[in-house]
**Student:** 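Following this message is one structure expressed as C-alpha cells.
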Amino acid sequence: MDAFFASVELLRYPQLRGLPVVIGGRRRTPQEGASAADAALPLSAFERLRNYQGRGVITTATYAARAFGVGSAMGLMKAARLCPDAILLPVDFDAYRRYSRAFKDVVRSFAPVMEDRGIDEVYIDFTHVPGGQEQGGRVLAQRIQQGILAATGLTCSIGVAPNKLLAKMASEFDKPQGISIIFEGDLATRIWPLPCRKINGIGPKTDARLQALGIHTIGELAQQDVAALVRHFGKAYGAWLHDAAWGRDERAVVTASEPVSMSRETTFERDLHAVHDRAELGRIFTALCERVAADLQRKGYCGRTIGIKLRYADFRSVTREQTIALPTQDAATIRRAAGQCLRRVALTQRLRLLGVRVGNLVPQSEVALQHMAAGTPELF
DNA sequence: TCTGGGGTCCTAGGACCC
DNA sequence: TCTGGGGTCCTAGGACCC
C-alpha cells in the first residue's frame with residue numbers, strides 16, 4: 001500500500017491532501033477517534049510538527065512531506081527541523097487495521113493464495129488465477145488496484161515477478177500506484193544496477209559490511225565468489241546473499257501461520273530510575289503484563305516463555321526470559337515470572353523502555369487439559 | 001535532535017539426556 | 001586417564017522487517 005497510514009488519514013481529513021503530513025508520536029486515544037465533522041476542520045486546528053515536544057518517530061509521511069527529506073523511522077524532533085510546518089497526526093492503529101482487512105479481502109477475492117506480510121503488504125501467487133498470465137500479469141494487477149481503490153479509496157503498487165524476492169523489489173520501482181513486471185531476463189538490466197540494500201533481507205549492518213568490501217550494487221554482489229561470501233558472512237547467509245543477487249528464491253507463498261510470540265513495550269516520556277521511580281515503574285510493568293495477557297486471551301493463545309526487555313538511557317538493550325512448566329495467559333502468572341526476570345538485571349542506570357513478552361505460544365484449546373491435570377485451571 | 005512498537009528468524013553456548 | 005556423538009531445550013543477543 002502507498003504511504004499507508006498517511007493515506008488512511010487523508011481519507012478522513014481530505015483538506016490535508018497535498019500538504020506535508022507526518023504520522024507518529026503519541027497514540028490516538030479512543031475519545032479522539034475522528035468524527036464526520038473532522039473532515040471539515042480548519043487547517044489551523046491541526047498540530048504543527050514544530051510544536052511537538054518529546055520522544056517518538058515518524059511511522060509514515062505523505063509524499064508531500066517526503067519531499068522535505070522526512071521519512072519513516074526518523075525522530076520527530078529531527079523531522080521538525082526539516083519541515084516545521086508539517087502537520088502531525090497521532091497514530092490510529094485501529095483505523096489502519098480496519099483498512100488493512102478491507103484491502104486484503106479485496107486481494108483474496110481475486111487471488112486466494114495470499115500471504116500476509118504485515119499491516120500494509122501481501123504476497124500473491126498468481127500462477128493458477130484464471131487470466132493471471134495475460135500481459136505478464138498486468139491485467140490482473142490492474143484489476144486488483146482498481147478493486148482496492150473502489151473498496152477503500154487507497155492506492156497501492158504491485159510488482160510481478162517469478163518469485164517473492166524479485167516481486168518485492170519490483171513493487172518499489174514505480175510508487176505510488178505503479179505496476180512493474182520483472183522477467184528472469186531482466187536481472188542484469190533492472191536488478192543488478194540497484195544498491196544491495198534494496199534486497200529484502202539486507203539491512204543497514206550487512207550493507208555497511210558489503211560496502212567495506214567494495215560491494216555496492218547487486219550486480220557487484222552477484223560477481224562475488226560464493227566461497228568468499230561464505231567466509232565473510234557465514235555458511236547460510238553467505239550462500240543466501242549470492243542466491244539473492246542472482247534473483248534466486250524458491251520460497252512458497254504461505255497463506256496461514258501461527259503466532260510465535262506476543263509482546264507489549266513502552267518508551268517512557270522521561271527516563272525512569274528503578275529506585276527513585278519505583279512506584280511508577282511498578283504500575284507500568286503490571287499494566288504491560290495485563291495488556292499481553294489480554295492480547296493472548298483475545299486471540300486464544302497461551303505461552304510458556306515469559307520475558308522482559310529493558311532499554312537503558314544510553315540505548316543499550318537487555319532481555320531476560322524464563323520458561324515455566326505450563327503455558328499461561330494469566331496476567332498475575334505473567335507478572336510473577338516477569339518480575340523474577342527483572343530481578344536478574346542491573347538496575348542502577350536510568351531506563352527509557354520496558355517491555356514484556358510471552359513466547360512459545362500454543363492455542364489455548366491445547367492447554368486447558370494440561371492445567372486441569374495439574375490442578376491449576378485458574379492459571380490457564 | 002537522539003533513535004516507536006510489534007514481530008520473525010538465526011546463532012551460539014550450555015545443560016541435559018541417551 | 002581423559003574424553004564419543006548424537007539430539008533437544010533453554011537463554012541472550014542481534015539482524016531484519018513492516
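In what follows, chains carry the letters A, B, and so on, assigned in the order in which the sequence lines appear, proteins first and then strands, with residues in each chain numbered from 1.
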**Student:** Less than 4.0 angstrom between a side-chain N/O of A:Arg197 and OP1 or OP2 of C:dC16, yes or no?
**Tutor:**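 So the side-chain polar atoms of A:Arg197 never come under 4.0 Å of the phosphate oxygens OP1 or OP2 of C:dC16.
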**Student:** With respect to the phosphate group of C:dG13, does any side-chain polar atom (N or O) of A:Arg320 fall under 4.0 Å of OP1 or OP2?
**Tutor:**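 Yes, because at least one side-chain N or O of A:Arg320 sits under 4.0 Å from OP1 or OP2 of C:dG13.
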**Student:** For A:Phe315 and B:dT3, say yes or no: do the ring centres fall under 5.5 Å of each other while the ring planes differ by less than 30°?
**Tutor:**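 Yes; centroid distance and tilt both under limits.
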**Student:** Need the pair for C:dC17. Rule: Watson-Crick or G-U wobble, both distances under 3.5 Å, any strand; none if unpaired.
**Tutor:**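 For C:dC17, the partner nucleotide comes out as B:dG6, under the 3.5 Å rule.
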**Student:** Any side-chain N or O of A:Thr319 less than 4.0 Å from the OP1 or OP2 oxygen of C:dA12?
**Tutor:**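 For C:dA12, neither OP1 nor OP2 has a side-chain N or O of A:Thr319 closer than 4.0 Å.
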**Student:** Would you indicate, yes or no, if C:dC18 has its OP1 or OP2 atom less than 4.0 angstrom from a side-chain nitrogen or oxygen of A:Ser72?
**Tutor:**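 No.
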**Student:** Is there side-chain contact between A:Thr62 and A:Leu16, with at least one heavy-atom pair below 4.5 Å?
**Tutor:**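 No, side chains not in contact.
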**Student:** So A:Arg344, base contact, sugar-phosphate only, or nothing? Heavy-atom distance under 4.0 Å.
**Tutor:**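 The residue A:Arg344 makes sugar-phosphate contact but no base contact.
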**Student:** Check whether any side-chain N or O of A:Thr267 sits under 4.0 Å from OP1 or OP2 of B:dG5, and answer yes or no.
**Tutor:**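 Checking A:Thr267 against B:dG5: at least one side-chain N or O falls below 4.0 Å of OP1 or OP2.
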**Student:** Checking side-chain polar atoms at under 3.5 Å, does A:Glu366 have a donor or acceptor matched by the opposite partner on A:Tyr301?
**Tutor:**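 No donor-acceptor contact under 3.5 Å links the two side chains.
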**Student:** Does OP1 or OP2 of C:dC18 have a side-chain N or O of A:Asn200 closer than 4.0 Å?
**Tutor:**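 A:Asn200 to C:dC18 OP1/OP2: side-chain N or O found under 4.0 Å.
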**Student:** Looking at A:Thr59, I'd like to know whether one of its side-chain N or O atoms comes within less than 4.0 Å of OP1 or OP2 on C:dC18.
**Tutor:**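 No, A:Thr59 has no side-chain N/O under 4.0 Å of OP1/OP2 on C:dC18.
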**Student:** Examine the side chains of A:Asp2 and A:Thr155 and answer whether a donor and an acceptor come within less than 3.5 Å of each other.
**Tutor:**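 The criterion, which ignores hydrogens and geometry beyond distance, is satisfied for A:Thr155 and A:Asp2.
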**Student:** Looking at A:Arg55, I'd like to know whether one of its side-chain N or O atoms comes within less than 4.0 Å of OP1 or OP2 on B:dT3.
**Tutor:**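 Answer is yes, contact under 4.0 Å.
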**Student:** Measure the spacing between CG of A:Leu19 and CG of A:Leu10 and express it to the nearest 0.5 Å.
**Tutor:**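 Between A:Leu19 CG and A:Leu10 CG, I get 8.5 Å after rounding to 0.5 Å.
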**Student:** Is A:Ser263 close enough to B:dG6 that one of its side-chain N or O atoms is under 4.0 Å from OP1 or OP2 there?
**Tutor:**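 Looking at the OP1 and OP2 atoms of B:dG6, neither is under 4.0 Å from any side-chain N or O of A:Ser263.
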**Student:** Quick one: is A:Thr323 getting a side-chain N or O under 4.0 Å of the C:dC9 phosphate, OP1 or OP2?
**Tutor:**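 So the side-chain polar atoms of A:Thr323 never come under 4.0 Å of the phosphate oxygens OP1 or OP2 of C:dC9.
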**Student:** Give me the distance, rounded to whole Å, that separates C:dC17 from B:dT3 when you measure between the P atoms they each carry.
**Tutor:**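 To the nearest whole Å, 23 Å.
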